[in-house]
Structure formats: structure tokens, C-alpha cells
A.B. asks: 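Shown below is the structure under consideration.
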2 protein chains.
Amino acid sequence: MSHGMAIGKVSEATGVKVPTIRYYEQIGLLPPPPRTEGNRRTYDRKDADRLTFIRHSRELGFEIDQIRTLLSLQDRPGQSCGEADAIAKARLVEVKEKITSLKALEAELERMVEGCSHGRVESCQVIEILADHGKCKHHQHDA
Amino acid sequence: MSHGMAIGKVSEATGVKVPTIRYYEQIGLLPPPPRTEGNRRTYDRKDADRLTFIRHSRELGFEIDQIRTLLSLQDRPGQSCGEADAIAKARLVEVKEKITSLKALEAELERMVEGCSHGRVESCQVIEILADHGKCKHHQHDA
DNA sequence: GCTTGCTCCTATAGCCACTGGAGGATGTAG
DNA sequence: CTACATCCTCCAGTGGCTATAGGAGCAAGC
């Protein structure tokens, strides 16, 4: 028990906000750490690593439940990594789909903005395209 | 009062789900329609148009508050469309940024998945990159 | 007229992943 | 010893819906 960090320190070290760390403990993503006499949480290096893992996973868009799985895989290093691979692949597919749909969105927004003659609302492409879905080329964008 | 539609019909016609229509009424995005003797909502063509406008705006990723503004602009056709233009432009910037960050994410996920030798978790790139943010090239992806 | 089954009504709670605030206890520097 | 920062718990709020419970209305067939 040499290098116990306070929650503020581990927050700073990992980039995960203090209330978020407590939240992760509450939902069982981070094990409850030991406490000091004064009832304060004390974290060690392993906890910090786990939080970094979680943060990075969230940045990549993995859901909490997927992170739960990934963490449990990390805890059992002898196991096949097929499941981790599958989770990452699924996320990759999602990301690719999102990029495609955002590009369609980008195109339509560009059409709207370019078509805007900066006149009256009466003849504004922005409003008009929004009002009439028939004027929209891409009926499949959804995010 | 010839063509009053029930909520189910206007839902079908516009692609907005029934509970969502009631929700929009609750938050003041759609005006409360007249009711029948039996206390049922009756919608007309204008309401359907408004819902289509809202749905399309949501599909393009506009927030409810922005849609509120866009709708109020639509109601005053003589006004300058500068504000609508600004909202659309801001959204376009957001979308472009999101595409950029998703592409960085895509690249990293691809690196993870390709690097996976389908062996043990011990040597799995997926787990390893997640654990060590230093191995990640793109420190700025955030969604 | 009666029953069946669909649509509708309200009110309330839940979803995700946090984020913020109130109100109080503890730790630390000067 | 006094500020002040940090910590604690508990609870409420965010956005944009979605779902459920428990009931009322309505149209069609028998």
C-alpha cells in the first residue's frame, strides 16, 4: 500500500472525471477501492490502467457492456481473443456506416447552404428542403 | 373540418411515431390539435407538413431547439433567411468535424483488427491498444 | 345489442452515459 | 486555528425519445 492515489489524482492521471469514476464504480465497471480512515477512496496503478483502458474504449465508441467484456478478457490473458476481435470488428462496421451516412448528410447540407440566396425565407433553400422531403436526394441518412 | 386525421394516420403519413408526436406536443414543438368528442387528437395537412419538416430536420441532426428556430422562421416568410443559413452552416461544420474524427477512429479500429493475430489475449492488438493509449496514433478522436 | 379487437387516452418510468448540485466531512498549508 | 481544497453521499437533470400500465372509445361482425 505504498502509492495510493486520491480520486482527484487518478482523475488527473487518466483524464476521467471524478464523478465519472464514482459512476463507474457504482455500475460495477471499476472495483470499489479500499478507503482511508477518513473514508476516502485510494487507487493504485492497476486502477489507473483500468481507467485508461475504459477511457480509450469510450473514445473509440464502445458501449459500457462491451467494455465490460473487453475488460474481463484482459483479465484472462490465456484466452482466445476472438471475442475482442469480434467486438472491434462490429464497431468498425458501425463506424463505416456512420461515415457513409454522415457523408450523405454533408452533401445535403451543402446543397442547402449553397442554394441559399441570402434573401427572404420565402425562397430559402434551407427551409424549402427541410419542408419538402421530396427535394431531398438521400432518403437513407439517419444520424 | 373535413380532413381531420387521427394520430395513427398522421404518424403513418409522416413517419413520426405516435408517442413521439405526443412528445413533440408536450414540449411545444407541435401545437395542440383540436380534439374529437371522444377526446382524440385530430390533425390536418398543416400539422402533417410540420411533422415532416421536423422529421427531416432531425434526420439531418438538428437539435430540437434549432428546429424550433427553423420552424418559427418558416412561419414568417418575409424575413431574411440569414439565421436559417447560419444554423445549417453550423451543422455542416459539425458534420464535417464528425466525419474527420470518425475517420481517425476507423483507422485505429482497422489497425487493431488487422493487428489481431487471432491468438491469445496475451498478444492481442485489440486489447493492447486499448490498454496503452500511447500506442494510439490519434489522440484527438472523441465520438 | 354485444362482443372482439384495434386504436386511442393519460401518467409515469426507463433508456444511455454521464454531469451537476446540495450539504456536510476531512485533509492540508500557512 | 483558520481558510480552503478536496472528498463524501444522495439525488436530480440532460436529450430525445420509448415503453408500460391501466383505462376509454370506436368500427365491424354476429
Side-chain angles (χ1 to χ4, degrees), chain A residues 4-30 32-44 47 50-71 87 91 94 98 141-143, chain B residues 4-30 32-43 47 50-51 53-71 87 90-91 94 98 105 141-143:
Chain A
M5 273 182 283
I7 197 168
K9 295 290 171 200
V10 81
S11 166
E12 210 179 328
T14 61
V16 183
K17 287 180 191 164
V18 169
T20 305
I21 296 173
R22 288 197 277 250
Y23 168 72
Y24 286 159
E25 180 182 332
Q26 199 191 304
I27 62 169
L29 200 58
L30 194 67
R35 304 280 186 123
T36 65
E37 280 182 29
N39 197 32
R40 289 166 180 226
R41 293 167 177 85
T42 48
Y43 298 95
D44 61 14
D47 297 312
R50 201 172 172 95
L51 275 171
T52 300
F53 186 103
I54 294 169
R55 200 201 55 165
H56 196 187
S57 302
R58 288 294 300 135
E59 282 173 359
L60 287 167
F62 292 108
E63 289 169 18
I64 297 289
D65 271 0
Q66 296 177 324
I67 299 175
R68 245 183 256 278
T69 305
L70 291 170
L71 279 168
I87 290 174
R91 178 63 188 147
E94 270 178 36
K98 193 114 187 176
H141 47 67
D142 54 61
Chain B
M5 274 182 283
I7 197 169
K9 295 292 171 196
V10 81
S11 166
E12 211 180 327
T14 60
V16 182
K17 288 179 190 165
V18 169
T20 306
I21 295 173
R22 288 197 278 248
Y23 169 70
Y24 286 159
E25 181 183 330
Q26 198 191 304
I27 62 169
L29 199 58
L30 194 67
R35 305 280 186 124
T36 66
E37 279 182 32
N39 197 32
R40 291 170 178 221
R41 292 168 178 85
T42 48
Y43 297 96
D47 297 312
R50 201 173 173 95
L51 276 171
F53 187 103
I54 295 169
R55 199 200 54 165
H56 196 188
S57 302
R58 289 293 302 136
E59 281 172 0
L60 287 168
F62 292 107
E63 290 169 16
I64 297 289
D65 271 0
Q66 296 177 324
I67 299 175
R68 246 183 255 277
T69 305
L70 291 170
L71 279 167
I87 290 175
R91 177 63 188 149
E94 269 177 38
K98 192 112 185 181
L105 231 121
H141 48 66
D142 55 61

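Keep in mind it's a predicted model, so treat the numbers as computed, not measured. By convention in this document, chain letters (A, B, ...) are assigned in the order of the sequence lines, proteins followed by strands, and residues within each chain are numbered from 1.
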A.B. asks: CE of Met5(A) versus P of dC7(D): gap in Å, rounded?
C.D. replies: 12 Å
A.B. asks: Where the side chain of Asn39(B) is defined as all heavy atoms beyond and including C-beta, which of dT18(D), dC9(C), dC8(C) is the nearest nucleotide?
C.D. replies: dC9(C)
A.B. asks: Taking the side chain of Tyr23(A) as its heavy atoms from C-beta onward, which of dC18(C), dC8(C), dC7(D) lies nearest to it?
C.D. replies: dC18(C)
A.B. asks: Given side chains that start at C-beta, do those of Arg35(A) and Arg41(A) come closer than 4.5 Å, heavy atoms only?
C.D. replies: yes
A.B. asks: Among dC8(D), dA17(C), dG16(D), find the nucleotide with the atom closest to the side chain of Arg58(A).
C.D. replies: dA17(C)
A.B. asks: Would you call Glu94(A)-Arg91(A) a salt bridge at under 4.0 Å N-O?
C.D. replies: yes
A.B. asks: Within this structure, what is the CD1-to-C1' distance between Ile7(A) and dT26(C), rounded to whole angstrom?
C.D. replies: 15 Å
A.B. asks: From CD of Glu25(B) over to C1' of dC17(D), roughly how many Å is that when rounded to an integer?
C.D. replies: 16 Å
A.B. asks: Using side-chain heavy atoms (C-beta onward) and a distance below 4.5 Å, is Arg55(B) in contact with Leu51(B)?
C.D. replies: no
A.B. asks: Round to a whole Å and report the spacing from CZ of Arg40(B) to C1' of dG25(D).
C.D. replies: 4 Å
A.B. asks: Gln66(B) CD to dG15(D) P: how many Å, rounded?
C.D. replies: 12 Å
A.B. asks: Less than 4.0 angstrom from a charged side-chain N to a carboxylate O is my criterion; do Asp65(A) and Arg68(A) meet it?
C.D. replies: yes
A.B. asks: Could you tell me how far apart Glu59(A) (CD) and dA17(C) (P) are, to the nearest whole angstrom?
C.D. replies: 15 Å
A.B. asks: Round to the nearest Å and state the distance from Ile67(A) atom CD1 to dC16(C) atom C1'.
C.D. replies: 12 Å
A.B. asks: Any side-chain heavy-atom pair from Ser57(B) and Gln66(B) closer than 4.5 angstrom?
C.D. replies: no
A.B. asks: For Ile27(B), answer base if it contacts any base atom (sugar-phosphate contacts may also be present), sugar-phosphate if it contacts only those atoms, and nothing otherwise; contact means non-hydrogen atoms under 4.0 Å.
C.D. replies: nothing
A.B. asks: Taking atom CZ of Arg50(A) and atom OG1 of Thr14(A), what is their separation to the nearest 0.5 Å?
C.D. replies: 13.5 Å
A.B. asks: Which nucleotide in the list dT18(D), dC9(C), dC8(D) gets nearest to the side chain of Arg41(A)?
C.D. replies: dC8(D)
A.B. asks: Which of these nucleotides, dT19(C), dC7(D), dT18(D), is closest to any side-chain atom of Thr20(B)?
C.D. replies: dT18(D)
A.B. asks: Between dC8(D), dA17(C), dG27(C), which one does the side chain of Arg35(A) approach most closely?
C.D. replies: dC8(D)
A.B. asks: When only distance counts, do a donor and an acceptor, one from the side chain of Arg22(B) and one from the base of dT10(C), lie under 3.5 Å apart?
C.D. replies: no
A.B. asks: Would you mind reading off the bend of the helix from dG1(C)-dC30(D) to dG30(C)-dC1(D) from its two end axes, five pairs each, to 10 degrees?
C.D. replies: 10°
A.B. asks: Given side-chain contact (heavy atoms from CB on, under 4.5 Å), test Ile54(A) with Val16(A) step by step and report yes or no.
C.D. replies: CA-CA 9 Å; Ile54(A) 294 169; Val16(A) 183; over 6 Å; no
A.B. asks: Start at the 5' end of DNA chain C and walk down; is the nucleotide closest to Tyr24(A) or to Glu37(A) reached first?
C.D. replies: Tyr24(A)
A.B. asks: Answer yes or no: is there a side-chain heavy-atom contact under 4.5 Å between Ile64(A) and Tyr24(A)?
C.D. replies: yes
A.B. asks: Taking the nucleotide of DNA chain C with the nearest heavy atom to each, does Thr36(A) or Lys17(A) sit closer to the 5' end?
C.D. replies: Lys17(A)
A.B. asks: Report the distance from atom CD of Gln26(A) to atom C1' of dC10(D), rounded to the nearest whole Å.
C.D. replies: 10 Å
